[in-house]
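For the single chain, residues carry numbers from 1 onward in sequence order. Just so you know, these numbers come straight off a predicted model, no measurement behind them.
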Amino acid sequence: MIVYFSATGNTRAVAEELSEITGAPIVEIIPEEIYTETDLDYRDTDSRAYRESHDDSARPAIKPLDADIIGYGTIFLGFPIWFGDMPKVLYSFLDEYDLSGKDIAPFCTSGGSGITTAVRNIAEMEGDADVLDGLRVSAGNPRSALVSWLTAIGSGEH
């Protein structure tokens, strides 16, 4: 199953492409309070994204998933990178959903930052899951990168 968060649509586009390639069902992590353009102004130290990203205890409320993830062995987890890490909405998701025993395959969209910190944090939060190598991908033309990544992590035929 593909579980993703996207504030601007970039990660959604990659998640949809991944779903086309794998045939995996897809579900969106939706915050209770949707992020506005002002919330996402990374230059503003008073913006919501900035404040949350710099507060280790921030856990924005999320709506319950519109799917049951219990029966899936692999969770493709998609998100943008905010200030070098995954958004705190992902921390909320990982706090609320038990991914023990599952393979977690993280992927992100980012203008420049890598996925390393997010993968490390996912592994720390989900110690009883197998966190696979992550992928940083562009929303523009992700297919070839996704196919190569799926092959590298051993995720079936494409």
Going from [atom1] on [X] to [atom2] on [Y], what distance comes out if it is rounded to the nearest 0.5 angstrom?
X    : Y    : atom1 : atom2 : result
D128 : D130 : CG    : CG    : 11.5 Å
D44  : T38  : CG    : OG1   : 8.5 Å
I104 : I75  : CD1   : CD1   : 8.0 Å
I21  : S144 : CD1   : OG    : 9.0 Å
R43  : T45  : CZ    : OG1   : 12.0 Å
H54  : K88  : NE2   : NZ    : 9.5 Å

Connected via hydrophobic side-chain network under 4.5 Å: [X] and [Y]:
X    : Y   : answer
I115 : V3  : yes
V119 : F76 : no
I29  : I26 : no

Those residues that, when tested against D39, pass salt bridge (Lys or Arg N to Asp or Glu O under 4.0 Å) (two or more places apart):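 D39: salt bridge (Lys or Arg N to Asp or Glu O under 4.0 Å) contacts with R48.
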| said: So, using salt bridge (Lys or Arg N to Asp or Glu O under 4.0 Å) as the criterion, who are the partners of E16 when residues are at least two apart? | reply: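 Once residues adjacent in sequence are excluded, E16 has no partner under the salt bridge (Lys or Arg N to Asp or Glu O under 4.0 Å) criterion.
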Indicate yes or no: at least one non-hydrogen side-chain atom of [X] is less than 4.5 angstrom from one of [Y].
X    : Y    : answer
F79  : Y4   : no
I2   : T22  : yes
V131 : P106 : yes
Y35  : V89  : yes
F5   : P31  : yes
L99  : L94  : yes
L77  : L90  : yes

Please confirm whether the backbone N or O of [Y] pairs with a side-chain atom of [X], one donor and one acceptor, at under 3.5 Å?
X    : Y    : value
E17  : P142 : no
S148 : A145 : no
R51  : D46  : yes
W149 : R136 : no
S19  : A15  : no

query = If you draw a 6.0 Å radius around CD1 in I34, do more than 12 non-hydrogen atoms from other residues or ligands fall strictly inside?
reply =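 It does: I34 CD1 has more than 12 such atoms within range.
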Are there over 12 heavy-atom neighbours, none belonging to E37, within less than 6.0 Å of that residue's CD?
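Open.
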Evaluation steps, side chain to side chain contact (heavy atoms under 4.5 Å, CB included), between V27 and M1:
CA-CA 8 Å; V27 64; M1 173 169 273; 3.9 Å; yes
Pair listing, side-chain hydrogen bond (donor to acceptor under 3.5 Å, both in side chains) test, anchored in residues 101-117, at least two apart:
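Passing the test, one end in residues 101-117: T11-T109.
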Under the side-chain hydrogen bond (donor to acceptor under 3.5 Å, both in side chains) definition, can you give me all pairs with a residue in residues 69-82, not counting sequence neighbours?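 Only Y42-W82 qualify under side-chain hydrogen bond (donor to acceptor under 3.5 Å, both in side chains).
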Could you note down all residue pairs passing ring pair (Phe, Tyr, Trp, His ring centres under 6.0 Å) where residues 96-148 supplies at least one of them, sequence neighbours left out?
->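 Listed by first then second residue: F93-Y97.
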Under the side chain to side chain contact (heavy atoms under 4.5 Å, CB included) criterion, do V14 and L135 qualify, and how do the steps go?
CA-CA 11 Å; V14 174; L135 174 70; over 6 Å; no
Q. Taking all atoms of both residues into account, what is the closest heavy-atom pair of G114 and I81, and its distance?
A.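 Looks like O-CD1, 3.6 Å.
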What pairs of donor and acceptor atoms, side-chain ones from residues 57-65 against any protein atom, are under 3.5 angstrom apart with sequence neighbours left out?
| residue | atom | partner | partner atom | Å |
| --- | --- | --- | --- | --- |
| S57 | OG | D55 | OD1 | 2.7 |
| R59 | NE | D95 | OD2 | 2.7 |
| R59 | NH1 | D56 | O | 3.0 |

Practice item. Indicate whether any N or O donor in one side chain lies under 3.5 Å from an N or O acceptor in the other, for Y91 and N121. Key: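 A pair is found: one side chain offers a donor N or O, the other an acceptor, under 3.5 Å apart.
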